[in-house]
Amino acid sequence: MTRAHRRPAAAVALAGVVILGLTVARGLPASDATDIAGDALYAVAAYTGLVLVWPRARRAVLGMVAAAWCVGVEFLQLTGMPLALADRFPPAALVLGSGFDPRDLAVYVLAVAAAAAVDAGVSALLLHGGERPARVGGPE
C-alpha cells in the first residue's frame with residue numbers, strides 16, 4: 001500500500017477507534033481499566049487522525065506529533081481550562097479531558113508507539129501481499 005492509499009484505511013480505522021472509544025467512555029463502568037483503555041484509544045485516534053490528514057508523512061513524525069498533542073492536552077488540564085470548557089460544552093471533555101493524571105502520559109506514548117507499529121505492519125502486509133520482501137545482497 002502506498003502512502004497515498006493510507007487515507008481511506010485511516011478513515012475506516014479512525015471511525016472504528018472513535019466508536020470503540022465512545023463505547024468505553026460512555027458504555028462501560030468507570031474503572032482504572034476503562035480509564036487506561038480510553039487514554040490509549042485517544043492516543044490511537046490522534047495518530048490515526050494524523051495519518052488521515054497527512055498520509056505521506058513518516059510514521060516517526062506522525063508518532064511524535066500525536067504523542068506531543070496528547071501530552072500537551074494532558075498538561076493543559078493542569079490549568080483547569082478544559083474542565084471549565086467541559087462545564088459549558090460537555091463534549092469538550094472527550095477531546096480535552098478534565099483532570100491531569102501522570103499515568104496518562106505513559107499510556108499515550110505507548111499507545112502511539114503501538115499504533116505506529118500496527119500501521120507499519122499493516123502497510124507492509126498489504127504492500128507485499130503477505131509475503132516477505134526479497135532480501136538483496138546476503139544469504140536468506
Side-chain angles (χ1 to χ4, degrees):
M1 167 169 55
T2 65
R3 292 192 187 270
H5 292 105
R6 292 170 70 198
R7 185 171 278 143
V12 171
L14 182 58
V17 169
V18 168
I19 290 168
L20 189 56
L22 290 172
T23 301
V24 168
R26 302 293 187 225
L28 298 177
S31 69
D32 285 346
T34 57
D35 182 51
I36 291 169
D39 293 337
L41 289 166
Y42 178 83
V44 171
Y47 178 88
T48 309
L50 285 170
V51 173
L52 183 63
V53 299
W54 198 12
R56 295 182 187 269
R58 295 180 182 267
R59 285 178 192 88
V61 172
L62 295 170
M64 287 187 287
V65 172
W69 165 265
C70 294
V71 168
V73 167
E74 192 67 26
F75 279 111
L76 181 66
Q77 292 170 6
L78 290 170
T79 68
M81 289 178 6
L83 185 59
L85 183 58
D87 284 342
R88 294 177 188 216
F89 184 65
L94 294 171
V95 177
L96 299 177
S98 57
F100 179 80
D101 184 350
R103 175 185 64 198
D104 296 351
L105 301 173
V107 173
Y108 294 145
V109 171
L110 292 172
V112 166
V118 168
D119 180 21
V122 169
S123 293
L125 184 66
L126 294 175
L127 180 64
H128 301 294
E131 298 176 12
R132 287 182 39 192
R135 293 183 65 196
V136 177
E140 288 289 317

Q. Same cluster for Val65 and Val53 if Ile/Leu/Val/Met/Phe/Trp/Tyr side chains link at under 4.5 Å?
A. yes
Q | Gap between atom CG of Leu110 and atom CG of Leu105 - 0.5 Å precision | A | 11.0 Å
**Q.** Candidates Leu14, Leu62, Leu52 - the one meeting side chain to side chain contact (heavy atoms under 4.5 Å, CB included) with Tyr47
**A.** Leu62
Q.
How close do Leu50 and Ala66 get, counting heavy atoms only, and between which atoms?
A. CD1-N, 3.5 Å
Q: Identify whether Val17 and Val24 are in the same connected component of the hydrophobic contact network (ILVMFWY, side-chain heavy atoms under 4.5 Å).
A: yes
Q. Is Thr79 reaching over with its side chain to a backbone N or O of Leu76, donor-acceptor style, under 3.5 angstrom?
A. yes
(Q) Could you go through Asp119 and Thr48, starting from their C-alpha distance and side-chain angles, then the distance that decides it, and tell me whether this counts as side chain to side chain contact (heavy atoms under 4.5 Å, CB included)? (A) CA-CA 9 Å; Asp119 180 21; Thr48 309; over 6 Å; no
(Q) Do Leu83 and Leu78 sit in one hydrophobic cluster, given that two such residues count as connected whenever their side-chain heavy atoms are within less than 4.5 Å of each other, even indirectly? (A) no
Q) What closest approach, in Å, do Pro55 and Arg7 show between heavy atoms, and which atom pair accounts for it? A) CD-NH2, 3.1 Å
(Q) Within this structure, what is the CG-CG distance for the pair Leu41 and Leu22, rounded to the nearest 0.5 Å? (A) 10.0 Å
Q.
Can you tell whether the side chains of Arg103 and Asp39 come within less than 4.0 Å, N to carboxylate O?
A. no
Q) Considering all heavy atoms of both residues, which atom of Ala43 and which atom of Cys70 are nearest to each other, and what is their separation? A) CA-SG, 3.7 Å
Q. Of the non-hydrogen atoms in Glu74 and Gly99, which two are nearest, and what is the gap between them?
A. OE2-O, 3.6 Å
(Q) Quick check on the hydrophobic clustering: are Val95 and Leu85 connected, directly or via other members, by side-chain heavy-atom contacts under 4.5 Å? (A) yes
(Q) Are Val118 and Val112 linked, directly or through intermediate hydrophobic residues, by side-chain heavy-atom contacts shorter than 4.5 Å (ILVMFWY only)? (A) no
Q. Quick one: side-chain contact (heavy atoms from CB on, under 4.5 Å) partners of Val73, sequence neighbours excluded?
A. Tyr42, Trp69, Gln77, Leu96
Q: Looking only at non-hydrogen atoms, find the nearest pair between Ala93 and Ala86 and report the distance.
A: CB-CB, 3.8 Å
**Q.** Contact summary for Val51 and Ala10, nearest pair of heavy atoms
**A.** CG1-CB, 3.6 Å
